[in-house]
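Notes follow the structure.
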Amino acid sequence: VLFNSKKLRKLEIIEYVHLNDSKCVLRNLPFTLNVLNVSGIVNVNDEMLNIITRQSPYLLKLDISNSYLTDKGTIYFKRLKYLKTLNMAFNVKITDGCFEHIGGIPSLRKLNMSMCRLITDDGIETLVRKNNNLTHLNMEYVNIGQRSVNNMTEYLNEPIYINLNYTHYAEFLNVSKLKQKCKVEKYNKI
């Protein structure tokens with residue numbers, strides 16, 4: 001199907017799929033893709049991201065949630081010069097080191113990193129210093145604290161929406177200054 005769909009703009013694989021031969025399937029992604037959701041591919045890894053970014057460099061929106069990317073593999077994001085929205089929620093291997101590359105995507109405005117439990121205040125500081133044009137951040141269940149809130153307040157130019165629901169220190173976060181800049185969601189842990 002992909003081989004015969006050279007003008008395809010949007011592709012979503014949201015059902016549970018395990019790719020045995022990723023090179024065969026992903027090498028046929030159309031160059032014209034703008035939106036790609038591979039959240040249903042349960043074994044997305046660095047090698048697959050390499051193929052995706054090489055095959056479809058004009059992506060505007062990418063969903064690689066539930067993946068097994070490492071910080072090293074995030075270097076491939078540099079190929080996506082037009083990427084506006086990135087969903088990498090539920091990634092079990094991503095750490096603060098990923099933001100050296102993700103923060104370097106100047107077009108990126110929306111980032112979902114919910115349930116990326118290895119991200120800390122250090123990573124958020126790197127991210128917002130490198131890309132102060134982010135408008136939407138979703139950080140539910142991420143282990144960040146007041147330092148991240150302070151850095152977002154200081155560095156983000158025009159944030160619109162920040163989700164801090166159930167962050168590790170949610171009940172202790174003072175978001176009053178950040179709320180003056182944008183809408184902030186923050187619920188305490190149950």
(request) Quick one: list whatever passes salt bridge (Lys or Arg N to Asp or Glu O under 4.0 Å) with E140, sequence neighbours left out. (result) none

(request) Decide yes or no for L11 and L33: does some side-chain heavy atom of the first lie under 4.5 Å from some side-chain heavy atom of the second? (result) yes

(request) Output yes when a side-chain donor or acceptor of T167 lies under 3.5 Å from a complementary backbone atom of N143, and no otherwise. (result) no

(message) Are D63 and M88 packed together at the side-chain level, in the sense that at least one heavy-atom pair is separated by less than 4.5 angstrom?
(response) no

(request) Write out all pairs satisfying ring-ring contact (aromatic ring centres under 6.0 Å, His included) with one or both partners inside residues 102-126, taking only residues at least two apart or from two chains. (result) none

(message) Who clusters with V92? Use side-chain heavy atoms, under 4.5 angstrom, across I, L, V, M, F, W and Y, and order the result by chain and number.
(response) Y68

(request) Share the residues that join L118 in a hydrophobic cluster, the rule being Ile, Leu, Val, Met, Phe, Trp or Tyr side chains under 4.5 Å apart at the heavy-atom level. (result) none

(request) To the nearest 0.5 Å, tell me how far I64 CD1 sits from I52 CD1. (result) 7.5 Å

(request) Output the distance between atom SG (C98) and atom CG (D71), rounded to the nearest 0.5 Å. (result) 5.5 Å

(request) Start with the C-alpha distance between E100 and K130, add both sets of side-chain angles, then the distance that settles salt bridge (charged side-chain N to carboxylate O under 4.0 Å, His left out), and finish with yes or no. (result) CA-CA 8 Å; E100 283 298 321; K130 289 186 76 115; 3.5 Å; yes

(message) Suppose we screen for side chain to side chain contact (heavy atoms under 4.5 Å, CB included). Which residues come up paired with T120, at least two apart in sequence or across chains?
(response) D96, D122

(request) Supply the atom-to-atom distance S65 OG to I41 CD1, rounded to the nearest 0.5 angstrom. (result) 11.0 Å

(request) Examine the side chains of E154 and N150 and answer whether a donor and an acceptor come within less than 3.5 Å of each other. (result) no

(request) Looking only at non-hydrogen atoms, find the nearest pair between Q146 and F172 and report the distance. (result) OE1-O, 3.9 Å

(message) Working note: L83 + R109, criterion side chain to side chain contact (heavy atoms under 4.5 Å, CB included); need CA distance, chi angles, decisive distance, verdict.
(response) CA-CA 8 Å; L83 188 66; R109 296 297 177 263; over 6 Å; no

(message) Using side chain to side chain contact (heavy atoms under 4.5 Å, CB included), reason through L108 and I102 one step at a time and then give a plain yes or no.
(response) CA-CA 8 Å; L108 189 64; I102 293 171; 3.8 Å; yes

(request) Carefully, step by step, assess L164 and I144 under the rule side chain to side chain contact (heavy atoms under 4.5 Å, CB included). (result) CA-CA 9 Å; L164 300 171; I144 59 170; 3.8 Å; yes

(request) Please identify each residue that fulfils salt bridge (Lys or Arg N to Asp or Glu O under 4.0 Å) with E158, with sequence neighbours left out. (result) none

(message) Looking at every non-hydrogen atom in both residues, tell me the closest pair between V142 and I119 and how far apart they are.
(response) CG1-O, 3.6 Å

(message) Quiz question: by atom type and distance under 3.5 Å, do the side chains of N133 and N131 form a donor-acceptor pair?
(response) no

(message) Please enumerate all residues that pass side chain to side chain contact (heavy atoms under 4.5 Å, CB included) together with K183, with sequence neighbours excluded.
(response) Y161, E185

(request) For Y82 and S107, work out which heavy atoms get closest and say how close. (result) C-OG, 3.2 Å

(request) Check whether any side-chain N or O of N151 sits under 3.5 Å from a backbone N or O of R147 as a donor-acceptor pair, and report yes or no. (result) yes

(message) How close do R27 and I51 get, counting heavy atoms only, and between which atoms?
(response) N-CG2, 3.8 Å

(message) Pair N50, R79 - check side chain to side chain contact (heavy atoms under 4.5 Å, CB included), show working.
(response) CA-CA 9 Å; N50 180 19; R79 295 177 182 150; 2.6 Å; yes

(request) Work out which heavy atom in L127 is nearest to a heavy atom in M113; give both atom names and the distance. (result) CD2-CE, 3.8 Å

(message) Considering only residues two or more places apart or on different chains, which pairs with a residue in residues 86-136 satisfy ring-ring contact (aromatic ring centres under 6.0 Å, His included)?
(response) none

(message) Show every salt bridge (Lys or Arg N to Asp or Glu O under 4.0 Å) that has at least one partner inside residues 50-62, sequence neighbours left out.
(response) none

(message) Please check this pair: side chain of D121 against backbone of G145, looking for a donor-acceptor N/O pair closer than 3.5 Å.
(response) yes

(request) Tell me, please, which residues at least two apart from K110 pass salt bridge (Lys or Arg N to Asp or Glu O under 4.0 Å). (result) none

(message) Keeping R129 on the side-chain end and G103 on the backbone end, is there a donor-acceptor pair under 3.5 Å?
(response) no

(message) Let me confirm one number: the CG-OG distance from N43 to S67, rounded to the nearest 0.5 Å.
(response) 10.5 Å

(message) Between L59 and L62, is there a side-chain heavy-atom distance shorter than 4.5 Å?
(response) yes

(message) I need the minimum non-hydrogen distance between P159 and I162, along with the two atoms involved.
(response) CB-CD1, 4.3 Å

(request) Tell me yes or no: between the side chains of S39 and N66, is some donor less than 3.5 Å from an acceptor? (result) no

(message) Among residues at least two apart in sequence or on other chains, which ones pass side chain to side chain contact (heavy atoms under 4.5 Å, CB included) with K78?
(response) I75

(message) Closer than 3.5 angstrom, by distance alone: can the side chain of K186 be matched with the main-chain N or O of L173 as a donor-acceptor pair?
(response) yes

(request) Identify, with sequence neighbours excluded, every residue that meets side chain to side chain contact (heavy atoms under 4.5 Å, CB included) alongside R9. (result) T32, N34

(request) Determine yes or no for a side-chain-to-main-chain donor-acceptor pair under 3.5 angstrom, with T53 supplying the side chain and L49 the backbone. (result) yes

(message) Applying the side chain to side chain donor-acceptor pair (under 3.5 Å) criterion to S114, which one of N163, N87, N138 satisfies it?
(response) N138

(request) Hey, could you give me the OG1/CG distance between T85 and L60, rounded to the nearest 0.5 Å? (result) 8.0 Å

(message) I'd like to know if the side chain of N45 reaches the main chain of L69, judged simply by a donor and an acceptor atom lying under 3.5 Å from each other, with no hydrogens or angles considered.
(response) no

(message) Is it true that, when you exclude K84 itself, more than 12 heavy atoms of the residues, nucleotides or ligands shown sit nearer than 6.0 Å to its NZ?
(response) no

